[in-house]
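Take a look at the structure below.
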Amino acid sequence: MKRRWSRSHLFTSLLLSLSLLAAACSSTPANQSQGETKPPENTPAQNAPAQSATPADTLFVAINADQGTLDPAVTFDNGAWKITYPTYQRLVEYDGATTEVKPGLAKEWKVSDDGLTWTFTLAEGNKFADGTPVTAEAVKFTFDRTLKIQKGPADVYNVIKEVKVDSPTSVTFVLNQNFPPFLSTLAANYGGIVNPKVMEQEKDGDLGQNYLANNTMGSGPYQLSEWRKGEYIKLTLNPHSSVKPAIQNVFFKIVPDATSQRLQLEQGEIDIAEGIPKEQLKAVMAFPNVEVLQEPSLAVDYVYVNSTKGNPALQNPKVRQALSYAVDYDALTSSVQEGFATQMRGPIPKGLWGHDESAHQYKRDVEKAKALLAEAGVSNLKLDLLYSDNKAWWETEALALQSFFADAGVTLNLKKIAYATSREMMDKGEFDLALGVWSPDFGDPYMFMNYWFDSNNFGLAGNRAFYKNDKVDELVRKAAQINDKAEREKLYKEAQNIVIDEAPYLYLYQMDFQLPISKQVKGFVFNPMLEGIYNLADMSK
């Protein structure tokens with residue numbers, strides 16, 4: 001579902017010079033407002049031994065392309081979030097590597113029994129980069145502004161009926177309906193609190209959108225100080241932040257060419273390379289000064305098994321189980337994702353609260369698959385697999401599944417069609433099996449359990465398996481109506497046991513997060529809800 005997958009890509013070859021780097025690090029751009037460092041020129045690199053050429057207080061991150069708008073009320077793109085997340089603060093923040101939240105600008109909060117009223121008490125002392133204090137009025141302004149702009153993030157916050165200022169340090173949200181994941185949404189980038197003074201930059205009633213597209217006005221530990229389009233984006237410290245990071249300057253350098261990124265990383269001219277494809281990562285692992293971090297992300301790859309509108313045989317859970325046992329999950333992750341993936345264990349991925357590590361996990365068992373088909377009275381089963389060219393790996397994946405199913409006596413006909421057409425067919429249920437990907441917009445199992453299994457969500461709304469089970473409907477709907485986390489987790493676990501057994505999806509794998517990073521960089525923590533975003537204030541070299 002996630003709407004932040006798209007990236008613009010440039011294909012200009014840029015190489016970096018070690019000799020120019022040393023000179024560059026000691027000079028200051030004419031239009032640079034803070035700091036003593038600028039990125040090296042993008043000129044051909046010289047043959048030099050691998051070494052660290054970057055200052056200890058400066059981080060260089062190679063990114064593939066320039067960014068679009070940086071306005072938290074507009075952008076839904078992780079590429080922009082890597083700039084904005086460290087420059088704004090939120091009422092709550094994701095806690096380390098988990099999808100749990102911890103206090104941010106709010107030191108404490110409470111929710112009414114009916115889940116409709118959330119009151120937050122702000123910690124004192126937080127200031128925007130211009131020295132203005134962060135108050136409850138700023139919080140109200142931020143969310144009122146987002147709802148007035150009515151772009152992407154407003155879809156999440158339309159559940160808000162009213163934001164009320166109780167005092168300079170207390171703010172209350174009144175919701176239209178109970179929405180247990182509400183707290184988690186506040187930790188997302190679109191929860192970043194904006195300085196109300198942005199209205200001084202308003203033009204033609206745009207609520208400051210044009211200004212915030214290229215500037216930041218937050219209270220995070222960093223601020224955007226310079227943006228040279230097509231070259232780099234520079235962050236420096238917020239002078240009024242109480243946080244004093246070891247990394248004082250951050251350059252996001254636009255280096256579109258993967259070969260250039262590899263060379264710069266190997267020679268120590270950049271600290272992090274974001275644009276190296278998976279098939280090249282094993283070669284990067286051989287660099288003595290580099291490590292490739294690998295963690296399961298929350299992005300999953302799976303198969304919709306049309307349980308009510310597809311081939312009638314698929315209405316039998318034993319047939320769906322047989323398909324699950326026919327898949328060679330280890331071979332699939334190896335051939336399709338170069339090994340950079342982790343087999344799923346049920347619908348809630350590892351790393352998200354509610355994941356059940358004790359849940360049943362299907363493994364390749366061809367004989368069991370054949371036996372289940374026989375028990376179901378099914379033979380010579382022929383199924384169509386719907387997919388498009390939307391994901392580069394789907395062709396390989398489809399061929400692999402065709403081979404796996406053939407071993408169990410199931411014929412899989414591959415139907416590759418245009419992406420838009422495939423979406424229409426999936427929405428109408430005009431398929432037997434279909435390939436899909438999914439990642440959550442906020443850190444709550446609601447994103448998987450309620451979207452995937454509630455029979456009210458048939459089609460693109462989420463339940464693309466057209467699966468209906470009255471007990472599961474009851475469980476997931478109840479979990480979506482209460483705020484007690486322990487009780488919600490219990491309900492979701494019960495529902496998971498049912499849906500894993502009834503197998504309306506083939507739970508293939510979580511796509512792993514990989515990051516080539518200099519061994520000199522310390523303190524980076526990957527959070528699966530913040531993919532592509534760095535905890536810069538905690539990092540050092």
Side-chain angles (χ1 to χ4, degrees), residues 301-336 343-344 346-347 360-391 393-418 421-437 452-453 455 458-459 463-469 472 498-509:
D301 190 285
Y302 62 131
V303 179
Y304 318 133
V305 182
N306 196 332
S307 304
T308 57
K309 294 189 174 185
N311 187 306
L314 297 176
Q315 296 176 21
N316 189 326
K318 289 186 178 180
V319 174
R320 302 195 298 262
Q321 292 170 3
L323 298 180
S324 294
Y325 280 115
V327 176
D328 188 334
Y329 299 92
D330 292 339
L332 195 70
T333 57
S334 177
S335 63
V336 177
Q343 183 188 347
M344 294 176 70
H360 174 69
Q361 185 176 46
Y362 289 95
K363 294 291 186 181
R364 169 81 157 176
D365 190 334
V366 175
E367 293 308 312
K368 189 165 187 174
K370 291 179 178 178
L372 285 166
L373 290 171
E375 288 176 27
V378 173
S379 60
N380 300 317
L381 180 61
K382 293 180 174 61
L383 300 172
D384 291 335
L385 175 66
L386 184 69
Y387 67 105
S388 72
D389 58 1
N390 185 48
K391 301 302 176 189
W393 64 84
W394 274 352
E395 182 75 24
T396 304
E397 188 163 282
L399 291 168
L401 290 171
Q402 185 181 54
S403 175
F404 299 152
F405 289 167
D407 292 341
V410 177
T411 300
L412 191 63
N413 301 314
L414 306 186
K415 295 184 63 174
K416 184 177 182 179
I417 60 178
T421 305
S422 73
R423 299 273 291 178
E424 292 175 3
M425 292 179 67
M426 282 189 283
D427 196 35
K428 296 175 182 177
E430 297 173 349
F431 66 93
D432 295 330
L433 309 178
L435 298 183
V437 293
W452 286 18
F453 302 109
S455 61
F458 278 176
N463 188 340
R464 299 170 188 178
F466 292 86
Y467 169 75
K468 179 172 177 56
N469 179 299
V472 171
I498 297 172
V499 300
I500 291 171
D501 181 62
E502 297 201 333
Y505 299 91
L506 303 183
Y507 307 109
L508 299 183
Y509 53 80

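None of these values were measured; they are calculated from a predicted model.
- Within the 4.5 Å cutoff, the side chain of V319 has no heavy atoms near those of the V305 side chain.
- Proximity of the aromatic rings of Y302 and Y507 is defined here by a centroid distance below 6.0 angstrom, and this criterion is not met.
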Check step by step if side-chain contact (heavy atoms from CB on, under 4.5 Å) holds for V437 and W394. CA-CA 10 Å; V437 293; W394 274 352; 3.9 Å; yes
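- The shortest heavy-atom contact between L414 and A398 is CD2-O, 3.7 Å.
- Annotation: K415, atom NZ; neighbour count of heavy atoms from other residues, nucleotides and ligands within 6.0 Å does not exceed 12.
- Closest of all the heavy-atom pairs between P504 and S307 is CB-OG, 3.6 Å.
- Using a 4.5 Å heavy-atom cutoff, the side chains of P347 and I500 are in contact.
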Side-chain donor-acceptor contacts of residues 377-385 below 3.5 Å, not counting sequence neighbours, with atom names and distances?
{"unit_1": "D384", "atom_1": "OD1", "unit_2": "N413", "atom_2": "ND2", "d": "3.3"}

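- For D301 (side chain) and L508 (main-chain N/O), no donor-acceptor pair under 3.5 Å exists by modelled atom type.
- Of the inter-residue distances, the one linking N390 atom CG with K416 atom NZ reads 11.0 Å to the nearest 0.5 angstrom.
- Taking the salt bridge (charged side-chain N to carboxylate O under 4.0 Å, His left out) definition, one finds that E375 meets it with K318, sequence neighbours left out.
- Residues V499 and N469 form no side-chain contact, since every pair of their non-hydrogen atoms from C-beta on lies 4.5 Å or further apart.
- Looking at every heavy atom in both residues, L323 comes nearest to F405 through O-CE2, 3.5 Å.
- One distance of note links CD of Q402 with CZ of F404; it measures 11.5 Å at 0.5 Å rounding.
- Of the possible polar contacts, none joining the E502 side chain to the R320 backbone as a donor-acceptor pair under 3.5 Å is found.
- Panel note: side chain S335, backbone A331; a donor-acceptor pair is recorded below 3.5 Å.
- Residues M426 and L386 have side chains in contact (heavy-atom distance under 4.5 Å, counting atoms from C-beta outward).
- Side-chain contact between Y304 and N463 is absent, with no heavy atoms from C-beta onward closer than 4.5 Å.
- A donor-acceptor pair is defined here as one N or O able to donate and one able to accept, closer than 3.5 Å; no such pair exists between the side chain of Q361 and the backbone of G346.
- Counting only heavy atoms from C-beta outward, the side chains of D427 and R423 never approach each other to under 4.5 Å.
- Y329 OH to Y509 OH: the interatomic distance, rounded to the nearest 0.5 Å, is 12.5 Å.
- The minimum heavy-atom distance between S388 and S422, with the atom names listed, is CB-OG, 3.9 Å.
- The line from CZ of R464 to CH2 of W452 is 9.5 Å long, rounded to the nearest 0.5 Å.
- In this pair, F466 and F458 present their aromatic rings tilted. The plane angle is within the 30 to 60° band.
- Looking at every heavy atom in both residues, D501 comes nearest to Q321 through O-NE2, 2.7 Å.
- Of the possible polar contacts, one joining the R364 side chain to the A326 backbone as a donor-acceptor pair under 3.5 Å is found.
- Judged by distance alone, the side chain of Y325 and the main-chain N or O of E367 form no donor-acceptor pair under 3.5 Å.
- Tested against L401, the residues D328, L435, L433 include a single side-chain contact (heavy atoms from CB on, under 4.5 Å) partner, L435.
- Here the side chain of N306 pairs a donor or acceptor atom with the backbone of G429 at under 3.5 angstrom.
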